[in-house]
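Everything on this sheet refers to the single structure shown next.
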Amino acid sequence: MQDELLAVQAKWQKANIIGIVRQTPRVTSFFFKPALPFFYRPGQHVDVRLSAPDGYQAQRSYSIASAPDSSETIELAIERLDDGEVSTFFHDAAEIGDEIELRGPIGGHFVWTTEDGGPVLLIGGGSGVVPLVSMVRHRAAQGSAAPVLLLYSARTWDELIFRDELLGLAQRANGFDLSLTLTREASPRENHYARRIDPAIIEDVLARLPMPPKLAFVCGANAFVTTAADALISAGVPANIIRVERYGV
Ligand SMILES: Cc1cc2nc3c(=O)[nH]c(=O)nc-3n(C[C@H](O)[C@H](O)[C@H](O)COP(=O)(O)OP(=O)(O)OC[C@H]3O[C@@H](n4cnc5c(N)ncnc54)[C@H](O)[C@@H]3O)c2cc1C
(Lines give C-alpha, C1' and ligand atoms only; values in the text may rest on other atoms or scores of the structure.)
Protein backbone atom coordinates (compact mmCIF):
# COMPACT_ATOMS: atom_id res chain seq x y z
CA MET A 1 0.00 0.00 0.00
CA GLN A 2 2.80 2.39 0.94
CA ASP A 3 4.59 1.61 -2.35
CA GLU A 4 1.39 2.21 -4.34
CA LEU A 5 0.87 5.58 -2.63
CA LEU A 6 4.45 6.64 -3.32
CA ALA A 7 4.07 5.64 -6.96
CA VAL A 8 0.95 7.82 -7.31
CA GLN A 9 2.70 10.75 -5.60
CA ALA A 10 5.67 10.59 -7.97
CA LYS A 11 3.45 10.61 -11.06
CA TRP A 12 2.03 13.64 -12.81
CA GLN A 13 -1.72 13.42 -12.96
CA LYS A 14 -4.45 15.50 -14.54
CA ALA A 15 -6.58 17.71 -12.35
CA ASN A 16 -9.56 19.86 -13.33
CA ILE A 17 -10.21 23.31 -11.96
CA ILE A 18 -13.67 23.03 -10.44
CA GLY A 19 -13.86 26.34 -8.57
CA ILE A 20 -12.23 29.77 -8.44
CA VAL A 21 -12.69 32.13 -5.50
CA ARG A 22 -11.06 35.54 -5.12
CA GLN A 23 -9.67 35.82 -1.56
CA THR A 24 -7.86 39.17 -1.58
CA PRO A 25 -6.92 41.69 -4.28
CA ARG A 26 -3.80 39.61 -5.06
CA VAL A 27 -4.70 36.07 -3.99
CA THR A 28 -7.21 33.70 -5.55
CA SER A 29 -8.12 30.17 -4.52
CA PHE A 30 -8.29 27.48 -7.19
CA PHE A 31 -10.09 24.22 -6.38
CA PHE A 32 -8.89 21.09 -8.16
CA LYS A 33 -10.28 17.62 -8.57
CA PRO A 34 -7.40 15.21 -9.19
CA ALA A 35 -8.01 12.28 -11.50
CA LEU A 36 -6.54 9.77 -9.02
CA PRO A 37 -7.31 9.35 -5.28
CA PHE A 38 -5.30 11.98 -3.47
CA PHE A 39 -4.31 11.58 0.20
CA TYR A 40 -2.42 14.34 1.91
CA ARG A 41 -1.58 15.78 5.31
CA PRO A 42 -1.88 19.39 6.48
CA GLY A 43 1.25 21.34 5.53
CA GLN A 44 2.10 19.43 2.36
CA HIS A 45 2.34 20.93 -1.10
CA VAL A 46 1.93 19.91 -4.73
CA ASP A 47 3.91 20.63 -7.86
CA VAL A 48 1.84 22.14 -10.65
CA ARG A 49 2.93 21.83 -14.29
CA LEU A 50 1.64 23.89 -17.20
CA SER A 51 2.30 22.86 -20.80
CA ALA A 52 2.05 25.08 -23.87
CA PRO A 53 1.06 23.65 -27.28
CA ASP A 54 4.68 24.04 -28.47
CA GLY A 55 5.87 21.74 -25.66
CA TYR A 56 7.19 24.46 -23.35
CA GLN A 57 6.53 23.59 -19.71
CA ALA A 58 6.61 25.55 -16.46
CA GLN A 59 6.46 24.00 -13.02
CA ARG A 60 5.93 25.57 -9.56
CA SER A 61 5.13 24.37 -6.03
CA TYR A 62 1.95 25.37 -4.18
CA SER A 63 0.95 24.53 -0.63
CA ILE A 64 -2.42 22.91 -0.06
CA ALA A 65 -4.83 25.22 1.75
CA SER A 66 -7.66 22.75 2.21
CA ALA A 67 -7.73 20.21 5.02
CA PRO A 68 -7.79 16.52 4.14
CA ASP A 69 -10.85 16.00 6.35
CA SER A 70 -13.39 17.92 4.35
CA SER A 71 -13.59 17.03 0.69
CA GLU A 72 -11.88 15.36 -2.23
CA THR A 73 -10.96 18.66 -3.79
CA ILE A 74 -7.66 20.41 -3.25
CA GLU A 75 -7.57 24.15 -2.68
CA LEU A 76 -4.49 26.13 -3.72
CA ALA A 77 -4.33 29.84 -2.86
CA ILE A 78 -2.10 31.54 -5.43
CA GLU A 79 -0.72 35.04 -5.09
CA ARG A 80 -0.36 37.02 -8.30
CA LEU A 81 3.20 38.23 -8.99
CA ASP A 82 2.81 40.77 -11.77
CA ASP A 83 5.95 39.62 -13.56
CA GLY A 84 5.54 35.97 -12.63
CA GLU A 85 4.97 33.28 -15.20
CA VAL A 86 2.75 30.67 -13.57
CA SER A 87 0.83 32.82 -11.07
CA THR A 88 -0.25 35.21 -13.86
CA PHE A 89 -1.51 32.27 -15.90
CA PHE A 90 -3.76 31.27 -13.01
CA HIS A 91 -4.96 34.82 -12.35
CA ASP A 92 -5.40 35.98 -15.94
CA ALA A 93 -6.23 32.91 -17.98
CA ALA A 94 -7.31 29.89 -15.91
CA GLU A 95 -10.99 29.01 -16.02
CA ILE A 96 -13.28 26.46 -14.46
CA GLY A 97 -13.02 23.24 -16.47
CA ASP A 98 -9.36 23.77 -17.41
CA GLU A 99 -7.10 20.80 -16.94
CA ILE A 100 -3.60 21.15 -15.51
CA GLU A 101 -1.10 18.60 -14.25
CA LEU A 102 -0.13 18.15 -10.65
CA ARG A 103 2.10 15.85 -8.64
CA GLY A 104 2.11 15.13 -4.95
CA PRO A 105 1.51 15.44 -2.12
CA ILE A 106 5.09 16.47 -1.36
CA GLY A 107 6.81 17.14 1.96
CA GLY A 108 7.02 15.06 5.09
CA HIS A 109 8.72 17.48 7.45
CA PHE A 110 6.39 20.46 7.33
CA VAL A 111 3.33 18.51 8.44
CA TRP A 112 1.07 18.65 11.48
CA THR A 113 -1.90 16.47 12.36
CA THR A 114 -3.93 16.47 15.54
CA GLU A 115 -2.12 13.28 16.55
CA ASP A 116 1.04 15.35 16.95
CA GLY A 117 -0.67 17.38 19.69
CA GLY A 118 0.29 20.83 20.95
CA PRO A 119 0.91 23.50 21.88
CA VAL A 120 1.85 24.54 18.37
CA LEU A 121 3.04 27.93 17.21
CA LEU A 122 2.36 28.73 13.55
CA ILE A 123 4.02 31.76 11.95
CA GLY A 124 3.10 32.79 8.40
CA GLY A 125 4.01 35.73 6.21
CA GLY A 126 1.82 36.62 3.21
CA SER A 127 0.90 33.53 1.18
CA GLY A 128 3.08 31.57 3.62
CA VAL A 129 -0.03 31.28 5.73
CA VAL A 130 -1.52 28.75 3.28
CA PRO A 131 -0.14 25.46 4.70
CA LEU A 132 -0.78 26.75 8.23
CA VAL A 133 -4.44 27.34 7.35
CA SER A 134 -4.65 23.70 6.29
CA MET A 135 -3.41 22.75 9.78
CA VAL A 136 -5.90 25.11 11.47
CA ARG A 137 -8.78 23.79 9.35
CA HIS A 138 -7.76 20.20 10.12
CA ARG A 139 -7.70 20.98 13.85
CA ALA A 140 -11.21 22.46 13.63
CA ALA A 141 -12.55 19.57 11.53
CA GLN A 142 -11.22 17.05 14.06
CA GLY A 143 -12.61 18.96 17.06
CA SER A 144 -9.10 18.96 18.50
CA ALA A 145 -8.37 20.83 21.73
CA ALA A 146 -4.63 21.13 20.99
CA PRO A 147 -3.52 24.70 21.75
CA VAL A 148 -2.53 26.34 18.47
CA LEU A 149 -1.54 29.96 17.98
CA LEU A 150 -1.24 31.43 14.49
CA LEU A 151 0.85 34.57 14.13
CA TYR A 152 0.08 35.92 10.67
CA SER A 153 1.75 38.88 8.98
CA ALA A 154 0.38 40.64 5.90
CA ARG A 155 0.78 44.06 4.37
CA THR A 156 -2.77 45.30 4.96
CA TRP A 157 -6.07 44.22 6.51
CA ASP A 158 -7.47 43.50 3.04
CA GLU A 159 -4.51 41.32 2.13
CA LEU A 160 -5.05 38.88 5.00
CA ILE A 161 -5.96 35.66 3.19
CA PHE A 162 -8.78 33.67 4.88
CA ARG A 163 -9.11 36.58 7.34
CA ASP A 164 -12.77 36.22 8.28
CA GLU A 165 -12.57 32.44 8.55
CA LEU A 166 -9.56 32.70 10.87
CA LEU A 167 -11.18 35.42 13.00
CA GLY A 168 -14.31 33.24 13.27
CA LEU A 169 -12.29 30.21 14.38
CA ALA A 170 -10.43 32.29 16.98
CA GLN A 171 -13.72 33.61 18.32
CA ARG A 172 -14.73 30.09 19.34
CA ALA A 173 -12.07 30.40 22.08
CA ASN A 174 -11.45 26.65 22.07
CA GLY A 175 -7.67 26.70 22.07
CA PHE A 176 -7.06 28.32 18.69
CA ASP A 177 -5.57 31.78 19.13
CA LEU A 178 -4.89 34.27 16.31
CA SER A 179 -2.42 37.12 16.33
CA LEU A 180 -2.30 39.39 13.28
CA THR A 181 0.31 41.90 12.31
CA LEU A 182 0.07 44.39 9.46
CA THR A 183 3.23 45.87 8.00
CA ARG A 184 1.83 48.69 5.85
CA GLU A 185 -1.09 50.06 7.82
CA ALA A 186 -2.34 50.38 11.38
CA SER A 187 -4.28 47.42 12.66
CA PRO A 188 -7.99 48.12 13.19
CA ARG A 189 -8.01 45.70 16.12
CA GLU A 190 -6.52 46.52 19.48
CA ASN A 191 -4.94 43.18 20.25
CA HIS A 192 -3.00 42.88 16.99
CA TYR A 193 0.27 44.42 15.83
CA ALA A 194 1.20 46.92 13.14
CA ARG A 195 4.83 46.17 12.32
CA ARG A 196 7.07 43.48 10.88
CA ILE A 197 7.56 40.42 13.07
CA ASP A 198 10.34 41.08 15.58
CA PRO A 199 11.70 39.40 18.74
CA ALA A 200 9.23 41.31 20.98
CA ILE A 201 6.22 39.98 19.03
CA ILE A 202 7.65 36.46 19.19
CA GLU A 203 8.12 36.78 22.99
CA ASP A 204 4.51 38.02 23.33
CA VAL A 205 2.95 35.17 21.39
CA LEU A 206 5.06 32.56 23.14
CA ALA A 207 3.73 33.93 26.45
CA ARG A 208 0.15 33.52 25.17
CA LEU A 209 0.59 29.76 24.81
CA PRO A 210 -0.31 27.76 27.92
CA MET A 211 3.08 25.98 27.79
CA PRO A 212 6.20 26.23 25.64
CA PRO A 213 5.43 24.95 22.13
CA LYS A 214 5.93 21.33 21.25
CA LEU A 215 6.38 22.36 17.60
CA ALA A 216 6.75 25.61 15.69
CA PHE A 217 6.11 26.02 11.95
CA VAL A 218 7.31 29.04 10.00
CA CYS A 219 6.42 29.67 6.34
CA GLY A 220 6.88 32.53 3.89
CA ALA A 221 9.53 34.31 1.84
CA ASN A 222 13.18 33.56 2.68
CA ALA A 223 13.85 36.74 4.67
CA PHE A 224 10.63 36.40 6.66
CA VAL A 225 11.40 32.78 7.60
CA THR A 226 14.95 33.64 8.65
CA THR A 227 13.80 36.55 10.83
CA ALA A 228 11.05 34.55 12.53
CA ALA A 229 13.19 31.43 13.07
CA ASP A 230 16.09 33.50 14.49
CA ALA A 231 13.67 35.25 16.87
CA LEU A 232 12.28 31.90 18.02
CA ILE A 233 15.78 30.64 18.77
CA SER A 234 16.68 33.87 20.61
CA ALA A 235 13.53 33.40 22.68
CA GLY A 236 14.77 29.98 23.77
CA VAL A 237 12.75 27.74 21.43
CA PRO A 238 14.88 24.67 20.65
CA ALA A 239 15.96 24.58 17.00
CA ASN A 240 14.92 20.94 16.66
CA ILE A 241 11.22 21.75 17.13
CA ILE A 242 11.23 24.53 14.51
CA ARG A 243 10.13 23.52 11.01
CA VAL A 244 10.41 25.94 8.13
CA GLU A 245 9.06 26.15 4.59
CA ARG A 246 10.63 28.76 2.30
CA TYR A 247 8.77 30.07 -0.74
CA GLY A 248 11.89 31.68 -2.26
CA VAL A 249 12.97 35.27 -3.02
C1 LIG B 1 7.00 24.55 -1.08
C2 LIG B 1 6.44 25.82 -1.73
C3 LIG B 1 5.11 26.13 -1.55
C4 LIG B 1 4.59 27.30 -2.13
N5 LIG B 1 3.28 27.61 -1.91
C6 LIG B 1 2.77 28.74 -2.44
C7 LIG B 1 1.41 29.11 -2.16
O8 LIG B 1 0.67 28.41 -1.44
N9 LIG B 1 0.92 30.24 -2.75
C10 LIG B 1 1.72 31.04 -3.54
O11 LIG B 1 1.21 32.06 -4.05
N12 LIG B 1 3.01 30.72 -3.80
C13 LIG B 1 3.55 29.59 -3.28
N14 LIG B 1 4.86 29.26 -3.55
C15 LIG B 1 5.63 30.07 -4.52
C16 LIG B 1 5.37 29.53 -5.95
O17 LIG B 1 5.98 28.25 -6.09
C18 LIG B 1 5.95 30.42 -7.05
O19 LIG B 1 7.29 30.69 -6.76
C20 LIG B 1 5.20 31.73 -7.21
O21 LIG B 1 3.83 31.49 -7.51
C22 LIG B 1 5.83 32.57 -8.33
O23 LIG B 1 5.76 31.85 -9.53
P24 LIG B 1 5.59 32.63 -10.91
O25 LIG B 1 5.79 31.62 -12.00
O26 LIG B 1 4.35 33.44 -10.94
O27 LIG B 1 6.77 33.64 -10.88
P28 LIG B 1 8.23 33.45 -11.55
O29 LIG B 1 8.09 33.54 -13.03
O30 LIG B 1 8.88 32.23 -11.01
O31 LIG B 1 8.89 34.73 -10.97
C32 LIG B 1 8.96 34.90 -9.54
C33 LIG B 1 9.68 36.17 -9.24
O34 LIG B 1 11.05 35.97 -9.50
C35 LIG B 1 11.46 36.91 -10.44
N36 LIG B 1 12.28 36.16 -11.37
C37 LIG B 1 11.86 35.23 -12.25
N38 LIG B 1 12.86 34.76 -12.95
C39 LIG B 1 13.96 35.40 -12.51
C40 LIG B 1 15.33 35.34 -12.81
N41 LIG B 1 15.80 34.50 -13.75
N42 LIG B 1 16.18 36.14 -12.14
C43 LIG B 1 15.74 36.95 -11.20
N44 LIG B 1 14.45 37.06 -10.84
C45 LIG B 1 13.59 36.29 -11.50
C46 LIG B 1 10.25 37.48 -11.11
O47 LIG B 1 10.49 38.84 -11.41
C48 LIG B 1 9.19 37.32 -10.07
O49 LIG B 1 9.06 38.46 -9.26
C50 LIG B 1 5.41 28.13 -2.94
C51 LIG B 1 6.77 27.80 -3.12
C52 LIG B 1 7.28 26.67 -2.51
C53 LIG B 1 8.74 26.34 -2.71
Side-chain angles (χ1 to χ4, degrees), residues 9-10 12 15 17 19-32 34 38 40-52 54 56-68 70 73-95 98 100-112 122-138 150-156 158-163 165-166 183 216-226 228-229 242-249:
Q9 288 166 12
W12 289 101
I17 300 179
I20 300 178
V21 175
R22 171 66 74 96
Q23 300 289 359
T24 73
R26 288 149 40 93
V27 176
T28 296
S29 282
F30 297 86
F31 295 82
F32 296 89
F38 192 88
Y40 65 96
R41 289 177 292 155
Q44 291 187 297
H45 65 272
V46 291
D47 284 343
V48 168
R49 184 165 74 182
L50 306 177
S51 302
D54 65 0
Y56 175 76
Q57 293 186 322
Q59 180 183 325
R60 300 288 183 277
S61 301
Y62 291 101
S63 300
I64 303 172
S66 41
S70 47
T73 60
I74 301 168
E75 178 183 2
L76 306 181
I78 301 181
E79 177 176 358
R80 183 194 161 92
L81 299 187
D82 291 337
D83 53 356
E85 190 179 358
V86 171
S87 63
T88 51
F89 162 79
F90 277 103
H91 279 259
D92 301 344
E95 290 177 358
D98 284 357
I100 54 107
E101 286 180 293
L102 63 76
R103 178 173 69 179
I106 299 166
H109 185 65
F110 200 84
V111 162
W112 180 80
L122 309 175
I123 305 178
S127 55
V129 78
V130 172
L132 311 179
V133 167
S134 176
M135 297 175 189
V136 170
R137 287 172 163 174
H138 166 67
L150 170 62
L151 170 60
Y152 176 18
S153 171
R155 282 181 259 218
T156 65
D158 287 339
E159 289 192 63
L160 288 161
I161 318 165
F162 307 116
R163 180 191 67 204
E165 177 182 347
L166 291 169
T183 58
F217 293 86
V218 184
C219 184
N222 275 334
F224 174 89
V225 170
T226 301
I242 303 171
R243 301 190 180 171
V244 303
E245 185 91 284
R246 294 173 184 273
Y247 279 4
V249 190

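Bear in mind the structure is a predicted one, so any value in this text is a computation, not a measurement. Whatever order the structure lists them in is the order used to number ligands and atoms, beginning at 1. Scope of the values below: all heavy atoms of this structure, side chains included, with no hydrogens, waters or symmetry mates. In what follows, residues are counted from 1 in the order of the sequence shown.
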task: Tell me which protein heavy atom sits closest to atom 4 (C) of ligand 1, plus the residue, atom name and distance to 0.1 Å.
output: Y247 CE1, 3.0 Å
Heavy atom of protein inside 4.0 Å of atom 43 (C) of ligand 1, strictly below: no
query: Of all the atoms in ligand 1, which lie at a distance below 4.0 Å from a heavy atom belonging to I78?
result: 11 (O)
- request: Can you see which heavy atom on F31 is nearest to which on I20, and at what distance?
  value: CD1-N, 4.4 Å
query: Hey, mind stepping through I161 and Y152 against side chain to side chain contact (heavy atoms under 4.5 Å, CB included) and telling me if it holds?
result: CA-CA 10 Å; I161 318 165; Y152 176 18; 3.4 Å; yes
query: Among protein heavy atoms, which sits nearest to atom 34 (O) of ligand 1, and what does the distance come to when rounded to 0.1 Å?
result: V249 CG2, 4.3 Å
query: Rounded to the nearest 0.5 Å, what separation is found between the CH2 atom of W12 and the CD atom of Q57?
result: 8.0 Å
query: Numbering the atoms of ligand 1 from 1, which are under 4.0 Å from a heavy atom of V130?
result: 8 (O)
message: Taking 4.0 Å as the limit for heavy-atom contacts, which would you say applies to H45 with ligand 1: side chain only, backbone only, both, or neither?
response: side chain
query: At what distance, to the nearest 0.5 angstrom, does CZ of F32 lie from CD1 of I100?
result: 4.5 Å
message: Checking the N or O distance criterion of under 3.5 Å, is ligand 1 in contact with E79?
response: yes
task: Using a strict 4.0 Å cut-off to heavy atoms of E85, name the atoms of ligand 1 that fall inside it.
output: 24 (P), 25 (O), 26 (O), 27 (O), 28 (P), 29 (O)
statement: Heavy-atom proximity to atom 49 (O) of ligand 1 ranks first, among D82, I106, D83, for D83
task: Report the nearest protein non-hydrogen atom to atom 20 (C) of ligand 1: residue, atom name, distance rounded to 0.1 Å.
output: Y62 OH, 3.8 Å
Spatial distance of atom CZ (R137) from atom CD1 (I64) [nearest 0.5 Å]: 12.0 Å
message: As a test of the contact definition, would atom 39 (C) of ligand 1 count as having a protein heavy-atom neighbour under 4.0 Å?
response: no
- prompt: For ligand 1, is any non-hydrogen atom under 4.0 Å from R246's backbone (N, CA, C, O), its side chain (CB onward), both, or neither?
  reply: backbone
- prompt: Quick one: CD on E75 to OH on Y62, what's the gap to the nearest 0.5 Å?
  reply: 14.5 Å
- prompt: Right, does atom 53 (C) of ligand 1 have protein non-hydrogen atoms nearer than 4.0 Å?
  reply: yes
- prompt: For ligand 1, does A77 get within less than 4.0 Å through its side chain, its backbone, both, or neither, judged by non-hydrogen atoms?
  reply: backbone
- request: For L81, counting its heavy atoms only, list the atoms of ligand 1 lying under 4.0 Å from any of them.
  value: 22 (C), 32 (C)
- prompt: For the atom pair CZ (F110) and CE (M135), what is the distance rounded to the nearest 0.5 Å?
  reply: 4.5 Å
message: So, applying side-chain contact (heavy atoms from CB on, under 4.5 Å) with S87, which one of I78, D82, D92 is it?
response: I78
query: When you measure from atom 19 (O) of ligand 1 to every protein heavy atom, which one gives the shortest distance, and what is it?
result: R60 CD, 4.2 Å
- line: re atom 26 (O) of ligand 1, the protein heavy-atom contact at minimum distance is S87 OG, 2.6 Å
field: Proximal atoms of ligand 1 relative to V86 (non-hydrogen, under 4.0 Å)
entry: 24 (P), 25 (O), 26 (O)
query: Heavy atoms of the protein only: does one fall short of 4.0 Å from atom 36 (N) of ligand 1?
result: no
message: So, taking the atom named CG in D47 and the one named CZ in R103, what distance separates them when rounded to the nearest 0.5 Å?
response: 4.5 Å
- line: Of all protein heavy atoms, the one nearest atom 17 (O) of ligand 1 is S61 O, 2.6 Å
- request: Measure the distance from atom 31 (O) of ligand 1 to every protein heavy atom, then report the residue, atom name and distance (to 0.1 Å) of the closest one.
  value: G84 CA, 3.9 Å
message: Checking A93 now: which residues fulfil side chain to side chain contact (heavy atoms under 4.5 Å, CB included) with it, not counting sequence neighbours?
response: F89
query: Sub-3.5 Å donor-acceptor pair from the side chain of E165 to the main-chain atoms of F162, do we have one?
result: no
message: What I want to check is whether the side chains of S63 and Y247 have a donor and an acceptor closer together than 3.5 Å.
response: yes
